[in-house]
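Single-structure report; data block below.
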Amino acid sequence: MKRVLFGSVLALGLSLAARGADTTHWTQPYNIVWTTPGTNGLSSMPAGGGNIGLNVWAQKDAIVFYISSPDSFNEQDYLTKLARVRVTVSPNPFADSLRQELELESNTVLVSGRTADGTAVSLRIWADAHQPVVHVEGTAAKPVSVTATLELDDNWKMTARASDNGVLWSRRVPGPSAYRAGIISGQKLQSIADKIPDTLGNLTCGGLLLGAGFAPGASGTGTNEGRRCSTAPLTNVTPVTTFALRAVLRIAQ
């Protein structure tokens, strides 16, 4: 009986050891891989964590992603994006060599390419599941210059400004909410108005885009997908072989 039990335990141990040696996650065969550039948000891969969502796509000259949240409402009670971020690398590694993968196990978008002289560049874009932070991490075989540009559509009614350690942006819904007042008037609810909460008044959404070794540049304007936007860049001071950018988000009333 002892020999049978010992044999069973030994077999189980060998099975677990063999399973541990195989580091391939069961979702790996289902990862999505693209090798051609996208043109707009319809060409994006979804990722996210916690209550933060991302739409990420690689263009011929940049990595672009939207940041969203189910709590980001404007004054008309419409969900809007929190921001759009454009990451460019110089020399450009995505013009002729591009691989974009949605890694399901980690809910991460991996983008890689090579510059004209063969320098390999890789980026990881992911959202923390435990705190509202979006990460962009990159490595390069040789030093490269990196710029992350915050792009805010005019209809989002967000403003951005340089801060001591990055670019700060936000939108605040004026309070009391005019939308709530319109609903109360239209539905003739004045008699119970004091029982209807104002969920929009003073709702503030935004964040801070920052990275060690990066400094804010001059703000400007541009267009993306046919819409006018304000731009606020963040560029590394000296070329680097590794970098880490973060978009630290905040939504509060």
Side-chain angles (χ1 to χ4, degrees), residues 32 38-59 62-87 102 104 107-109 125-136 148-161 166-187 189 193 195-209 221-232 245-253:
I32 307 299
T39 56
N40 55 41
L42 297 177
S43 310
S44 66
M45 288 180 170
N51 70 337
I52 301 301
L54 302 174
N55 290 91
V56 185
W57 72 99
Q59 298 181 348
I63 307 300
V64 186
F65 59 91
Y66 283 105
I67 305 174
S68 63
S69 169
D71 301 320
S72 176
F73 290 91
N74 67 6
E75 69 276 6
Q76 295 299 320
D77 203 32
Y78 293 150
L79 274 174
T80 68
K81 301 297 186 183
L82 276 165
R84 180 174 56 235
V85 179
R86 179 181 302 272
V87 180
L102 176 59
L104 298 174
N107 205 0
T108 298
V109 177
I125 301 98
W126 57 283
D128 196 314
H130 304 289
Q131 52 188 350
V133 181
V134 177
H135 296 263
V136 180
T149 303
L150 189 70
E151 300 180 339
L152 305 174
D153 283 3
D154 284 359
N155 60 4
W156 297 347
K157 297 184 178 180
M158 287 185 161
T159 58
R161 64 176 176 85
V167 176
L168 187 70
W169 82 98
S170 65
R171 174 191 67 233
R172 175 169 292 170
V173 177
S177 166
Y179 177 83
R180 171 183 174 276
I183 292 294
I184 291 173
S185 175
Q187 299 295 326
L189 301 173
K195 295 180 174 59
I196 301 174
D198 186 355
T199 59
L200 292 179
N202 296 317
L203 179 65
T204 307
C205 307
L208 176 66
L209 180 65
T221 59
T223 59
N224 189 286
E225 301 185 39
R227 298 188 298 272
R228 185 181 181 278
C229 63
S230 58
T231 60
L245 290 158
R246 290 175 292 164
V248 183
L249 309 171
R250 178 79 189 276
I251 300 176
Q253 191 172 17

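In what follows, residues are counted from 1 in the order of the sequence shown.
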Within-4.5 Å side-chain heavy-atom neighbours: Thr80 and Lys157
no

Look at the aromatic rings of Trp156 and Tyr66 and report parallel, tilted or perpendicular, splitting at 30° and 60°.
perpendicular

Is Glu75 salt-bridged to Arg171, cutoff N-O under 4.0 Å?
no

Restricting to non-hydrogen atoms, name the atom on Ser43 and the atom on Gly38 that form the minimum distance, rounded to 0.1 Å.
CB-CA, 3.5 Å

Checking the side chain of Gln253 only, and the main-chain atoms of Asp198 only, is there a donor and an acceptor separated by less than 3.5 Å?
yes

Of all heavy-atom pairs between Glu225 and Gly41, which one has the smallest distance, and what is that distance?
OE2-N, 3.1 Å

Can you name the closest pair of heavy atoms from Cys205 and Met158 and give their distance?
O-CE, 3.9 Å

Would you find a donor on one side and an acceptor on the other, under 3.5 Å apart, between the side chain of Ser69 and the backbone of Ile67?
no

Leu200 to Phe73 - nearest heavy-atom pair and separation:
CD2-CB, 3.8 Å

Report yes if the side chains of Arg84 and Asn224 come closer than 4.5 Å at any heavy-atom pair, otherwise no.
yes

If you define the side chain from C-beta out and look only at heavy atoms, does anything of Trp126 sit under 4.5 Å from Asn107?
no

What donor-acceptor contacts under 3.5 angstrom involve side-chain atoms of residues 176-185, with partners at least two apart or in another chain?
residue : atom : partner : partner atom : Å
Ser177  : OG   : Tyr179  : N            : 3.2
Ser177  : OG   : Arg180  : N            : 3.1
Arg180  : NE   : Ile196  : O            : 2.9
Arg180  : NH2  : Ala193  : O            : 2.7
Arg180  : NH2  : Ile196  : O            : 2.8

Can you measure from OG1 (Thr108) to CG (Leu102) and round to the nearest 0.5 angstrom?
8.5 Å

Decide yes or no for Leu150 and Leu152: does some side-chain heavy atom of the first lie under 4.5 Å from some side-chain heavy atom of the second?
yes

The single option from Thr223, Asp154, Asp153, Asn155 that satisfies side-chain hydrogen bond (donor to acceptor under 3.5 Å, both in side chains) with Arg228 is Asp154

With side chains defined as the heavy atoms from C-beta onward, is the minimum distance between Ile63 and Ile125 less than 4.5 Å?
yes

Might you point out which heavy atoms bring Val173 and Asn74 nearest each other, and give the distance in Å?
CG2-C, 3.9 Å

Please check: side-chain N/O of Asp128 versus main-chain N/O of Pro132, any donor-acceptor pairing under 3.5 Å?
no

Looking at side-chain heavy atoms only, is the closest gap between Trp169 and Leu209 below 4.5 Å?
yes

Calculate, to the nearest 0.5 Å, the distance between atoms CG and CG belonging to Leu249 and Asp71 respectively.
11.5 Å

Do Val85 and Thr149 come close enough that some side-chain heavy atom pair is under 4.5 Å?
no

Please name the pair of heavy atoms, one in Arg86 and one in Val64, separated by the smallest distance, quoted to 0.1 Å.
NH1-CG2, 3.6 Å

Does CZ in Arg227 sit with more than 12 non-hydrogen atoms of other residues, nucleotides or ligands closer than 6.0 Å?
yes

Are any non-hydrogen side-chain atoms of Thr231 and Thr221 less than 4.5 angstrom apart?
no

Determine, step by step, whether Val134 and Phe65 satisfy the side-chain contact (heavy atoms from CB on, under 4.5 Å) criterion, reporting the C-alpha distance in whole Å, the side-chain angles of both residues, the deciding distance to 0.1 Å, and the verdict.
CA-CA 10 Å; Val134 177; Phe65 59 91; 4.0 Å; yes

